[in-house]
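What follows is a set of notes on a single structure, which appears directly below.
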Amino acid sequence: MSAPRAEPAGRVEVVLVKGGRTKIRYPAELLHEDGARVSVRAAWAGDGVRDFGFVRFEPGDVFTEHYWLDRWYSVKEVRAADGTLKGWYCDITRPATRSGAELVVEDLDLDLWRSADGRDVRRLDEDEFAESGLAERDPAAAAAAAAALDELETLAREGGFDGLLP
């Protein structure tokens, strides 16, 4: 775990790992770091548009992302290029690690979406999680991931994620 910083400085490279391989890496502006949470802002780093049916991520979207070094999830506020809030996309992950200018996050397949108005809260990719074999390989990690998804769903349904952020 890195030492707390009084003032965020510069940029970090977010590295998303899935299945032991780097899925994507992208530069982000460091907004906050306190030894337990790292917050960054980044433009949509995917190729083109990703249409989930209930939300579209597209060039120009801005993600304010919160990662914890001691929690099994990340929470990402998603805004359109014009600043309109689209909602929150949450990844279930192992606790993030910070090494130099890299913030490494291991995606565990489970996700949660909460729309901007809070009416649409949905669990995503539970089938991928089951197929990943994590429950057999690492039962403790699978249990922590399932508990993290439950925690995020409860927060999402009870008003959102503001309580996670000071």
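Residues D107 and T93 approach most closely at CA-CG2, 4.1 Å, considering heavy atoms. When every heavy atom of S74 is checked against every heavy atom of Y67, the shortest pair comes out as CB-CD2, 3.5 Å. Taking both residues in full, the closest heavy atoms of V121 and A156 are given as CG1-CB, 3.8 Å, listed atom of the first, atom of the second, then distance. Of all heavy-atom pairs spanning A142 and A135, the tightest one is CB-CA, 3.6 Å. Scanning all heavy atoms of the two residues, the minimum distance from W113 to K86 falls at CZ2-O, 3.3 Å. A96 approaches L103 most closely through the heavy-atom pair CB-CD1, 4.0 Å.
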* Could you please spell out the steps behind the side chain to side chain contact (heavy atoms under 4.5 Å, CB included) verdict for R123 and D111? => CA-CA 6 Å; R123 291 172 175 246; D111 303 298; over 6 Å; no

* To do: Evaluate side chain to side chain contact (heavy atoms under 4.5 Å, CB included) for W72 paired with L108, printing each intermediate quantity in order.
  => CA-CA 9 Å; W72 288 72; L108 298 177; 3.7 Å; yes

* Between V105 and V15, is a side chain to side chain contact (heavy atoms under 4.5 Å, CB included) present by the stated rule, with each step listed? -> CA-CA 6 Å; V105 184; V15 181; over 6 Å; no

* In sequence, state the C-alpha distance, the side-chain angles, and the governing distance for R114 and R122, and then conclude on side chain to side chain contact (heavy atoms under 4.5 Å, CB included). => CA-CA 7 Å; R114 181 182 190 264; R122 60 178 74 201; over 6 Å; no

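V14 and L30 fall within a single hydrophobic cluster, where Ile, Leu, Val, Met, Phe, Trp and Tyr side chains are chained together by heavy-atom contacts under 4.5 Å. Cluster annotation: L112 and L165 are assigned to the same hydrophobic cluster (Ile/Leu/Val/Met/Phe/Trp/Tyr, side-chain heavy-atom contacts under 4.5 Å, transitive). In this structure, F52 is a member of the same hydrophobic cluster as W44, with clusters built from ILVMFWY side-chain heavy atoms closer than 4.5 Å. Hydrophobic clustering of Ile, Leu, Val, Met, Phe, Trp and Tyr side chains at less than 4.5 Å, counting indirect connections, keeps F161 apart from V78. If you chain together hydrophobic residues whose side chains sit under 4.5 Å apart, I92 and W68 fall into the same group.
The CZ atom of R37 lies 9.5 Å from the CG atom of L31; values are rounded to the nearest 0.5 Å. Rounding to the nearest 0.5 Å gives a distance of 6.5 Å between CG of D127 and CG of D125. Between the OG atom of S132 and the CG atom of L110 there is a distance of 8.0 Å, given to the nearest 0.5 Å. Taken to the nearest 0.5 Å, the CD atom of E126 stands 12.0 Å off from the CD atom of E131. In this structure, E106 CD and D91 CG are separated by 12.0 Å, a value rounded to the nearest 0.5 Å. Distance OH/Y26 to CG/L16: 7.0 Å, rounded to 0.5 Å.
Between S39 and the choices E65, H32, E77, H66, the side-chain hydrogen bond (donor to acceptor under 3.5 Å, both in side chains) rule is met once, by H66.
In this structure, the side chains of V12 and V38 stay at 4.5 Å or more apart for every pair of heavy atoms. Two residues are said to be in side-chain contact when any heavy atoms from C-beta on lie closer than 4.5 Å; L69 and P95 fail this criterion. In this structure the side chain of L124 reaches within 4.5 angstrom of the side chain of F54, judged on heavy atoms. Residues R79 and D61 have side chains not in contact (no heavy-atom distance under 4.5 Å, counting atoms from C-beta outward).
Taking the six-membered ring for Trp, F63 and Y89 have ring centres at least 6.0 Å apart.
At a cut-off of 3.5 Å, with distance as the only test, a side-chain donor of Y73 or E151 sits close to an acceptor on the other residue. At a cut-off of 3.5 Å, with distance as the only test, a side-chain donor of S115 or D117 sits close to an acceptor on the other residue.
Looking at E58 and R50, no side-chain N of the basic residue comes within less than 4.0 Å of a carboxylate O on the acidic one, giving no salt bridge. Between D109 and K18, at least one side-chain nitrogen of the basic residue sits less than 4.0 Å from a carboxylate oxygen of the acidic one, meeting the salt-bridge criterion. Salt-bridge check for E102 with R98: failed, with every basic side-chain N at 4.0 Å or more from each acidic carboxylate O.
D82 pairs by the side-chain hydrogen bond (donor to acceptor under 3.5 Å, both in side chains) definition with T84, not counting sequence neighbours.
Within a 6.0 Å sphere centred on CZ of R119, other residues, nucleotides and ligands contribute 12 heavy atoms or fewer. Counting non-hydrogen atoms of neighbouring residues, nucleotides and ligands closer than 6.0 angstrom, the CG atom of D70 exceeds 12 such neighbours.
The closest donor-acceptor contact from the side chain of D138 to the backbone of A141 lies under 3.5 Å. In terms of modelled atom types and a separation under 3.5 Å, the side chain of T22 and the main chain of I24 share no donor-acceptor contact.
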